[in-house]
Amino acid sequence: PAAVIVGIDGPSGTGKSSTSKAVAAKLGLRYLDTGAQYRAITWWMLSNGIDVDDAAAVAAAAGKPEIVSGTDPSAPTITVDGADAAGPIRTQEVTSAVSAVSAVPEIRTRLTELQRSIAAAAPHGIVVEGRDIGTTVLPDADLKIFLTASAEARAARRNGELKGKNAADLAATQAALVKRDAADSGRKTSPLAKAADAVEVDTTELTLEQVIECVVTLVEEKR
Ligand code: C5P
């Protein structure tokens, strides 16, 4: 079959990453985590002493770091100037700073170009997850999914992921998620939004396996 392009968007904690990786693995597609790229560029800014709230400084440095994403869904990788960034991009420091960096248009232009070139090079197709894939990065995707879940369910899942890593309490996790989503939805350049032709899947009452099954079925219908 021809290469199939799938975009999966939605707020934090809706199961985008777990779903996207599993769907790609099941269908023999590549996988791209665009959030990891925004986190990677944010990590570089912080490491290089750039004030992430200074949009002009962030814009001026937007082209400097080399970001490379490995797209095997069973072992995705991310490097910045050749250094493994998988661990550092998940720190609280990066999570708190990423919305400010990702709101800068020069950052978005740069990563959107990179994401399009990675998608175009995927031999059998790709599952790309993010916030603006259906609306901006891949408007001609074969299938667009918009995952949602209640704020309570999203915070509970995120806390589960953090278990054993000194997890913040549920209320604090929920407040941080809601704040980041509000920033991502409210920015001027390609905000978090459901594309008009996206299929919305509310995952609040679904298991991960059910969400994966649902998306696999939708992809197979497009092939
Ligand atoms: O998906 P993840 O939570 O790792 O994304 C981290 C951040 O990267 C988001 O909160 C958002 O600010 C930014 N992002 C974005 N556009 C994308 C993917 C992520 O602005 N396509």
Side-chain angles (χ1 to χ4, degrees), residues 5-21 24 31-46 52-53 55 58-59 62 65 67 69 71 73 76-78 80 85-119 126-139 141 144-149 151 154-155 157-162 168 173-195 198 203:
I5 306 285
V6 180
I8 302 191
D9 292 302
S12 326
T14 52
K16 284 192 307 291
S17 293
S18 308
T19 302
S20 301
K21 270 185 273 193
Y31 161 72
L32 177 62
D33 178 358
T34 65
Q37 297 179 322
Y38 283 97
R39 287 170 179 274
I41 215 161
T42 300
W43 176 54
W44 185 91
M45 297 285 164
L46 293 170
V52 296
D53 294 315
V58 170
I67 311 283
S69 295
T71 60
T77 59
I78 179 102
V80 179
I89 65 169
R90 302 294 162 192
T91 60
Q92 200 52 246
E93 202 193 1
V94 169
T95 300
S96 301
V98 65
S99 289
V101 172
S102 67
V104 175
E106 286 80 359
I107 294 284
R108 304 207 67 82
T109 302
R110 166 144 195 238
L111 290 184
T112 296
E113 278 173 18
L114 177 61
Q115 291 153 11
R116 286 178 180 154
S117 70
I118 292 169
I126 191 165
V127 180
V128 183
E129 64 149 299
R131 301 290 188 292
D132 63 335
I133 309 307
T135 55
T136 304
V137 177
L138 301 169
K144 301 177 185 178
I145 304 282
F146 195 77
L147 293 184
T148 61
R154 297 192 286 116
R157 288 173 192 167
R158 196 41 58 89
N159 254 37
E161 280 173 16
L162 296 176
T173 302
Q174 191 171 324
L177 278 187
V178 167
K179 187 179 170 208
R180 185 149 62 95
D181 291 337
D184 292 342
S185 303
R187 69 177 175 233
K188 282 208 187 75
T189 311
S190 59
L192 162 64
K194 177 182 172 291
T203 68

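Numbering of ligands and ligand atoms starts at 1, following listing order. Since the model is a prediction, treat every value here as computed from it, not as a measurement.
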Which residue holds the protein heavy atom closest to [atom], what is that atom called, and what is the gap in Å?
{"atom": "atom 9 (C) of ligand 1", "result": "Asp184 OD2, 3.3 Å"}
{"atom": "atom 4 (O) of ligand 1", "result": "Arg39 NE, 2.6 Å"}
{"atom": "atom 14 (N) of ligand 1", "result": "Tyr38 CD1, 3.6 Å"}
{"atom": "atom 19 (C) of ligand 1", "result": "Gly35 CA, 3.5 Å"}
{"atom": "atom 21 (N) of ligand 1", "result": "Asp132 OD1, 2.8 Å"}
{"atom": "atom 18 (C) of ligand 1", "result": "Thr34 OG1, 3.3 Å"}

Location of contacts on [X] toward ligand 1, heavy atoms closer than 4.0 Å:
{"X": "Arg131", "value": "both"}
{"X": "Gln37", "value": "neither"}
{"X": "Arg158", "value": "neither"}

Kindly indicate whether the side chain of [X], heavy atoms from C-beta on, has any atom under 4.5 Å from the side chain of [Y].
{"X": "Val137", "Y": "Thr34", "value": "no"}
{"X": "Lys144", "Y": "Ile133", "value": "no"}
{"X": "Arg39", "Y": "Asp33", "value": "no"}
{"X": "Asp181", "Y": "Ser12", "value": "yes"}

Taking the side chain from Arg110 and the backbone from Ala62, do they hold a donor-acceptor pair closer than 3.5 Å?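 Present.
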Check for a donor-acceptor pair, side chain of Arg157 on one end and backbone N or O of Gly160 on the other, with a separation under 3.5 Å.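 No; zero donor-acceptor contacts below 3.5 Å.
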Taking only heavy atoms of [X], which atoms of ligand 1 are found under 4.0 Å from at least one of them?
{"X": "Val98", "answer": "7 (C), 8 (O)"}
{"X": "Arg90", "answer": "4 (O)"}
{"X": "Ser102", "answer": "11 (C), 12 (O), 13 (C), 20 (O)"}

Measuring from atom 16 (N) of ligand 1, which candidate in Arg108, Glu129, Gln115 has the nearest non-hydrogen atom?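 The nearest heavy atom belongs to Arg108.
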Polar side chain donor-acceptor pair, Ser17 to Glu129, under 3.5 angstrom: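 Per modelled atom types, Ser17 and Glu129 side chains form a pair under 3.5 Å.
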Could you check whether Arg131 and Ser190, counting side-chain N and O atoms only, form a donor-acceptor pair closer than 3.5 Å?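 No, no side-chain donor-acceptor pair sits under 3.5 Å.
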Any Lys/Arg nitrogen of Lys16 or Asp9 sitting under 4.0 Å from an Asp/Glu carboxylate oxygen of the other?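 Salt bridge: no.
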